[in-house]
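Written out below as structure tokens is the structure these notes cover.
Order of appearance sets the numbers: ligands from 1, and atoms from 1 within every ligand.
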Amino acid sequence: VRQFKPGDEVYARPDKDRIGTFAEFIAVSDKDVSLKPKSISMEEAASLPLVGLTAWQALIGKAELKKGQRIFIQAGSGGVGTFAIQLAKHLGATVATSTSAANLDLVKSLGADIVIDYKKDDFEGMLKDYDVVLHSQDGKTMEKSMRILKKGGKLISISGPPDSDFAKEIGA
Ligand SMILES: NC(=O)c1ccc[n+]([C@@H]2O[C@H](COP(=O)([O-])OP(=O)(O)OC[C@H]3O[C@@H](n4cnc5c(N)ncnc54)[C@H](OP(=O)(O)O)[C@@H]3O)[C@@H](O)[C@H]2O)c1
């Protein structure tokens, strides 16, 4: 290992075959580790890699979200959702999100443009012609989400079913 020295503050998302981060000590590849930004605490840093990578892979890697596009991020108040809203706004997208009433102000403070209380309102009747949906809920919600996409729009699911890349990865 050359890019770190003892005492460096680092954060990591260990490889998926190296799960075990409730342990006090864990051996991980240095390629899965980064220097922690000085502007955030260790606790804040610990919350970021998994949800950050999930949001990044979905919005940038898969959806290729662009400035001016419209995205519906389900569960905006959750771990993935809070990160995804901020990333989508940073990319210049318009963001609609669903949350319960208790978290309306939270998602607005993160930059969400349209906020839908999923316990009271039905997003299918409120959103139309979206470029991207970040899907994290059940199958029924996925079907409804398909209907708010414009032609050629993309639905990226992080709650299944698995995609063809994953099938290839495990040789299925
Ligand atoms: N964490 C990750 O990095 C990761 C990676 C891959 C996949 N996933 C999957 O992504 C999903 C979300 O993960 P998470 O870690 O973000 O979960 P989380 O932090 O536990 O958040 C779940 C959120 O779901 C919201 N919610 C519950 N029912 C909802 C509904 N019907 N419509 C819209 N929102 C609803 C809740 O909002 P309120 O509290 O406002 O009610 C809560 O904020 C899970 O299915 C998880 O398996 C997560």
- Every residue of the protein that comes under 4.0 Å of ligand 1, judged on heavy atoms: Leu50, Val51, Thr54, Ala75, Ser77, Gly78, Gly79, Val80, Ser98, Thr99, Ser100, Asn103, Tyr118, Ser136, Gln137, Ile158, Ser159
- Give a yes-or-no answer on whether the side chains of Asp32 and Ser29 include a donor-acceptor pair shorter than 3.5 Å. no
- Task: Starting from Phe25, walk the hydrophobic network (Ile, Leu, Val, Met, Phe, Trp, Tyr; side-chain heavy atoms closer than 4.5 Å) and list everyone else you reach, by chain and number.
- Result: none
Side-chain polar contacts of residues 63-75 - donor-acceptor pairs under 3.5 angstrom, sequence neighbours left out - could you list them?
| unit_1 | atom_1 | unit_2 | atom_2 | d |
| --- | --- | --- | --- | --- |
| Glu64 | OE1 | Lys154 | NZ | 3.3 |
| Lys66 | NZ | Glu64 | O | 3.0 |
| Gln69 | OE1 | Lys66 | N | 2.9 |
| Arg70 | NH2 | Lys128 | O | 2.7 |
| Arg70 | NH2 | Asp129 | O | 3.1 |
| Gln74 | OE1 | His135 | ND1 | 3.1 |
| Gln74 | OE1 | Ser136 | N | 2.9 |
| Gln74 | OE1 | Gln137 | N | 3.3 |
| Gln74 | NE2 | His135 | ND1 | 3.3 |
| Gln74 | NE2 | Ser145 | OG | 2.8 |

- Do Leu149 and Val132 come within less than 4.5 Å of each other through their side chains, counting heavy atoms only? no
- Short N-O contact, Asp30 and Arg2, less than 4.0 angstrom: no
- Task: With sequence neighbours left out, write down each residue that passes ring-ring contact (aromatic ring centres under 6.0 Å, His included) with Tyr118, or none if nothing qualifies.
- Result: none
